[in-house]
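Report on the structure given below.
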Amino acid sequence: MSAVTRALCFLAQRAYRCPRSLAVNSRAMAERHMHVDSRPSGPSWRWLSGLAVASVLGVPVAAWVARSDPAEAERKSRSKKERRQAEVTAPKSHAEMFYSHLLPQRKVFVNGRVDDTMAHCLVGQLLYLEQKDPSAPIYMFINSEGGRVTSGLAIYDVMQSISPPVYTVCIGHAESMGAILLSAGEPGFRWAMPNAHIMVHQPTHSMSGKTTDISIKAARAEGCARNLTEILSKHTGQMVI
């Protein structure tokens, strides 16, 4: 690189305070232009001097203008923000859109496997509906094969602690934890569709490790089964044999 070229590069860096490669980020360049140029419109002297240096160094003028144009940078930034906002606000599926319309009618759904994600969403919906109206009933439609005991018990505890009565309806099937949630509805307001299937079974666990660890896990599994049996007995009025 000759001395003249080095001097021109130095002037360009002083004018813009940019890296040697002159690959300046458009957004940062726009902020510098807004800060340096106090006039309401028109290019600043630094932008013009940089354009002249770029033309001497052989950088295409169109590329330099597109790279350092403040209006273009602002337009791109605004379009990115609008796309992100659209992704956040747009419904993910038609089913979720329908469910969001049914939520103001105080209808919630236990659909599919009971897990932490479902419990988190359902607990939030129940608390929200309680805040909107503490006395109006909530209709819970259950179509689930069960799932995690801890997630189901989280939903169960909230159902028992909120003020509005929860009416449960079985559509399709309610198995395992789904049956527990079905029985936890308001007495006299628990329904099952004509072709619905309800099934209760013992909790399933998988254990491995040392002998002491297996014995501890087995004791916890027995306690979990006993707890679920007592919940069913409480809500159904049946004795535990």
Side-chain angles (χ1 to χ4, degrees), residues 83-134 136-186 189-193 195-209 216-217 220-232 234-235:
R83 285 196 300 268
R84 286 197 296 267
Q85 185 67 21
E87 292 175 357
V88 171
T89 57
K92 295 182 179 180
S93 63
H94 293 290
E96 292 186 0
M97 182 177 63
F98 297 147
Y99 292 154
S100 64
H101 288 309
L102 292 173
L103 184 61
Q105 301 179 16
R106 308 183 69 83
K107 297 177 181 179
V108 297
F109 297 85
V110 180
N111 187 24
R113 178 177 172 79
V114 178
D115 54 13
D116 292 340
T117 303
M118 177 189 289
H120 177 75
C121 180
L122 198 58
V123 165
Q125 291 175 346
L126 293 175
L127 295 177
Y128 168 77
L129 294 176
E130 180 191 26
Q131 183 182 14
K132 296 293 289 185
D133 191 344
I138 300 173
Y139 292 85
M140 178 180 291
F141 295 86
I142 301 173
N143 182 20
S144 173
E145 71 274 15
R148 293 177 61 90
V149 174
T150 53
S151 302
L153 291 179
I155 300 172
Y156 169 80
D157 289 338
V158 175
M159 290 173 61
Q160 301 303 306
S161 62
I162 60 177
S163 301
V166 180
Y167 299 169
T168 53
V169 183
C170 177
I171 54 175
H173 64 156
E175 303 176 1
S176 187
M177 184 51 65
I180 300 291
L181 297 178
L182 177 65
S183 67
E186 186 73 10
F189 297 92
R190 295 172 291 194
W191 300 285
M193 292 298 178
N195 295 310
H197 175 72
I198 302 172
M199 186 267 288
V200 180
H201 65 87
Q202 294 184 0
T204 303
H205 300 270
S206 59
M207 303 178 187
S208 62
I216 293 174
K217 293 178 181 179
R220 293 184 59 184
E222 291 179 357
C224 177
R226 185 166 52 252
N227 183 29
L228 296 178
T229 304
E230 292 175 355
I231 290 175
L232 279 175
K234 171 185 174 181
H235 291 286

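Starting from 1, each residue takes its place in the sequence as its number.
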Criterion side chain to side chain contact (heavy atoms under 4.5 Å, CB included) on Val123 and Asp157, from CA distance to verdict: CA-CA 9 Å; Val123 165; Asp157 289 338; over 6 Å; no

Taking every non-hydrogen atom, the tightest pair across [X] and [Y]:
X	Y	value
Val149	Cys224	CG1-SG, 3.6 Å
Ala179	Ala174	CB-O, 3.6 Å
Leu122	Phe109	CD1-O, 3.9 Å
Ile162	Leu127	CG2-CD2, 4.0 Å
Ser151	Ala119	O-CB, 3.6 Å

Let me confirm one number: the [atom1]-[atom2] distance from [X] to [Y], rounded to the nearest 0.5 Å.
X	Y	atom1	atom2	result
Ser176	Arg113	OG	CZ	9.0 Å
His235	Glu230	NE2	CD	11.5 Å
Gln160	Leu153	CD	CG	11.0 Å
His201	Glu175	NE2	CD	7.5 Å
Ile138	Arg106	CD1	CZ	5.0 Å
Ile180	Ile231	CD1	CD1	6.0 Å

Full working for side chain to side chain contact (heavy atoms under 4.5 Å, CB included) between Glu145 and His173: CA-CA 7 Å; Glu145 71 274 15; His173 64 156; 3.7 Å; yes

Test log, rule side chain to side chain contact (heavy atoms under 4.5 Å, CB included), inputs Thr168 and Leu181: CA-CA 8 Å; Thr168 53; Leu181 297 178; over 6 Å; no

Beyond-backbone contact of [X] with [Y], side-chain heavy atoms, under 4.5 angstrom:
X	Y	value
Arg226	Thr229	no
Met140	Val108	yes
Ile155	Met159	yes
Cys170	Ile198	yes

Plane angle bin for Tyr167 and Phe189 - parallel if under 30°, tilted between 30 and 60°, otherwise perpendicular: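 The arrangement is parallel - the two ring planes meet at less than 30°.
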
Heavy-atom donor-acceptor pair, Ser144 side chain to Gly112 backbone, under 3.5 Å: yes

